[in-house]
Each structure stands twice: as structure tokens, then as C-alpha cells.
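Start at 1 with the first residue, then count along the sequence.
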Amino acid sequence: MLPPIADIVENFDLIEDWEQRYGYIIELGREMDALPDALHSEENRVHGCESQVWLDVGLDETAPEPRLALRGDSDSSIVRGFVALMVALYQGKTPQDAAETDGLDIFRQLDFGAHVTSKRSNGVRAMVARIQHDARRLAAG
């Protein structure tokens, strides 16, 4: 189970060494619930990522009002950590809120832009675009 995004940011701020920060992001990826093999589909694949990334974006049917339920995976440990970061950020938001939330803000807030390759940054952009697209689709009903 992933911690809330506020806890992730707070924990990240306590870590000054970038090797340890990467370790923390990788650990978040390990804490994320496994994505069932059946959801490793072309429909769930995020295009534009250097690594293989899959996102399943749906609605939490148990919530009193529509809330996003996300699951994801990657074939790369660090990218799986970035997926976990996006899941923690968007999980439980209304589709409308998710469509308006810029996931790149958290990426910039944690200063990853200066510490990852442009291909990794493009992959995060692709994840954010996919989540926002699916959120708009879910909001429209």
C-alpha cells in the first residue's frame, strides 16, 4: 500500500542524497500492488515511455461518488517508482480533479527534472497525459 502523496513529499524532503532518493522511489514501486498479468495489455500500455509502462485507470465502485482507482506497472524499477508516484498523486481524486491536476508539478517539486534523462521526463509526461485523458473520459461518463 502506497503512502499518501503528502507523506511521500515529506519523506523525500528528508533525504538529501540522490542515491537514497532513487532508492526511495524504487521502494515505492515495490510497495505498489501488483498489476495482474491480464492488464499488461496493449490497451493499458502508455506510449511515449522509454520503458514499458502500463496504467489501468478506472473508477472506485465502492466510493460514494466517482473516484479514480489506478494501478500500474513498468519493466524498469525506477520507472515503476515513477508510476507509484503518479498513482499516489491521482488515486482517489474525482475524475474532474484528476483531469485538472498536473502530475508534472510533483515531478518538478521533487527536482527530478534535473536528475533524470529527457527520455524519462518524457515518459512521465506521457503517464500524466494518459491519466488526464482517461480521467476526462470517465468524467464524461
Side-chain angles (χ1 to χ4, degrees), residues 1-15 17-141:
M1 181 65 113
L2 292 171
I5 193 67
D7 290 354
I8 292 172
V9 171
E10 184 178 314
N11 291 340
F12 204 83
D13 286 343
L14 296 174
I15 305 169
D17 178 73
W18 270 96
E19 287 294 318
Q20 291 176 350
R21 285 181 173 196
Y22 281 122
Y24 179 60
I25 289 296
I26 290 168
E27 185 59 35
L28 288 174
R30 289 183 184 133
E31 290 177 19
M32 196 169 45
D33 291 337
L35 186 68
D37 288 341
L39 294 177
H40 286 95
S41 64
E42 186 60 29
E43 179 182 329
N44 288 336
R45 193 164 73 84
V46 177
H47 298 274
C49 296
E50 181 178 23
S51 300
Q52 294 289 313
V53 174
W54 299 271
L55 284 172
D56 178 51
V57 182
L59 293 175
D60 179 354
E61 302 296 333
T62 65
E65 64 177 305
R67 300 280 178 177
L68 287 189
L70 283 85
R71 296 182 288 181
D73 198 5
S74 176
D75 62 352
S76 161
S77 297
I78 188 71
V79 175
R80 184 173 164 84
F82 292 149
V83 171
L85 192 61
M86 294 298 112
V87 168
L89 177 64
Y90 286 100
Q91 185 76 14
K93 288 188 180 294
T94 66
Q96 296 84 0
D97 286 345
E100 296 170 4
T101 298
D102 183 0
L104 293 176
D105 283 344
I106 195 73
F107 196 73
R108 286 187 287 268
Q109 182 181 350
L110 299 178
D111 199 27
F112 273 112
H115 295 277
V116 297
T117 66
S118 61
K119 288 183 180 183
R120 294 270 192 245
S121 293
N122 289 339
V124 172
R125 278 187 194 80
M127 284 186 249
V128 170
R130 169 65 184 277
I131 293 167
Q132 289 175 327
H133 174 269
D134 287 355
R136 284 191 293 278
R137 178 183 50 80
L138 291 168

With sequence neighbours left out, the residues meeting side-chain hydrogen bond (donor to acceptor under 3.5 Å, both in side chains) with H133 are none
Side chain proximity check, D33 to R71, heavy atoms < 4.5 angstrom: no
OG1 of T94 to CD of E100, rounded to nearest 0.5 Å, is 8.0 Å
Going by the salt bridge (charged side-chain N to carboxylate O under 4.0 Å, His left out) test, which pairs reach into residues 124-136, not counting sequence neighbours? R130-D134, D134-R137
Does the side chain of Y90 reach to within under 4.5 Å of the side chain of I5, using non-hydrogen atoms? no
Please name the pair of heavy atoms, one in S51 and one in D75, separated by the smallest distance, quoted to 0.1 Å. CB-OD1, 3.3 Å
Roughly how far, to the nearest 0.5 Å, is the CG atom of L89 from the CG atom of D102? 9.0 Å
I'd like to know if the side chain of Q91 reaches the main chain of L70, judged simply by a donor and an acceptor atom lying under 3.5 Å from each other, with no hydrogens or angles considered. yes
For the student: nearest non-hydrogen atoms of T101 and Q132, plus distance: O-NE2, 2.7 Å
When you compare the side chain of L28 with that of P3, does any pair of heavy atoms fall below 4.5 Å? yes
Residue pair N122 / E50, side-chain heavy-atom distance below 4.5 Å: no
How far apart are the closest heavy atoms of A126 and C49, and which atoms are they? CB-SG, 4.1 Å
Check: L39 and W54 side chains under 4.5 Å, non-hydrogen atoms: no
Return yes if some donor-acceptor pair links the side-chain N/O of D60 with the main-chain N/O of R67 below 3.5 Å, else return no. no
Minimum heavy-atom separation for L68 and A98, please, with both atom names. CD1-CB, 3.2 Å
First locate atom CE of M86, then atom CG of L2, and finally report the distance between them rounded to the nearest 0.5 Å. 12.0 Å
Applying salt bridge (charged side-chain N to carboxylate O under 4.0 Å, His left out) to E10 and not counting sequence neighbours gives none
Is the ring pair F12/Y24 parallel, tilted or perpendicular, if the boundaries are 30 and 60 degrees? tilted
If the plane angle is over 60° it's perpendicular, under 30° parallel, otherwise tilted; pick one for W18 and F112. perpendicular
Nearest-0.5 Å distance that lies between atom OG in S121 and atom CZ in F82: 8.0 Å
Pairwise side-chain contact, L35 with R80, heavy-atom cut-off 4.5 Å (strictly under): no
Looking at CE of M127 and CG of L85, how far apart are the two atoms once the value is rounded to the nearest 0.5 Å? 9.0 Å
Do you know which two heavy atoms are closest between P95 and L59, and how far apart they sit? CG-CD2, 3.8 Å
Going by heavy atoms in the side chains, are R30 and I26 under 4.5 Å from each other? yes
Return the CD1 to CG distance between I8 and L110, rounded to the nearest 0.5 Å. 8.5 Å
With a sphere of 6.0 Å drawn around CD of E43, does it hold more than 12 non-hydrogen atoms of other residues, nucleotides or ligands? no
If we ignore hydrogens and angles and just use 3.5 Å, is the side chain of S74 paired with the main-chain N or O of Q52 as donor and acceptor? yes
D73 and H40 have their tightest heavy-atom pair at OD2-NE2, 2.7 Å
How about V46 and V83: do any of their side-chain heavy atoms sit closer than 4.5 Å? no
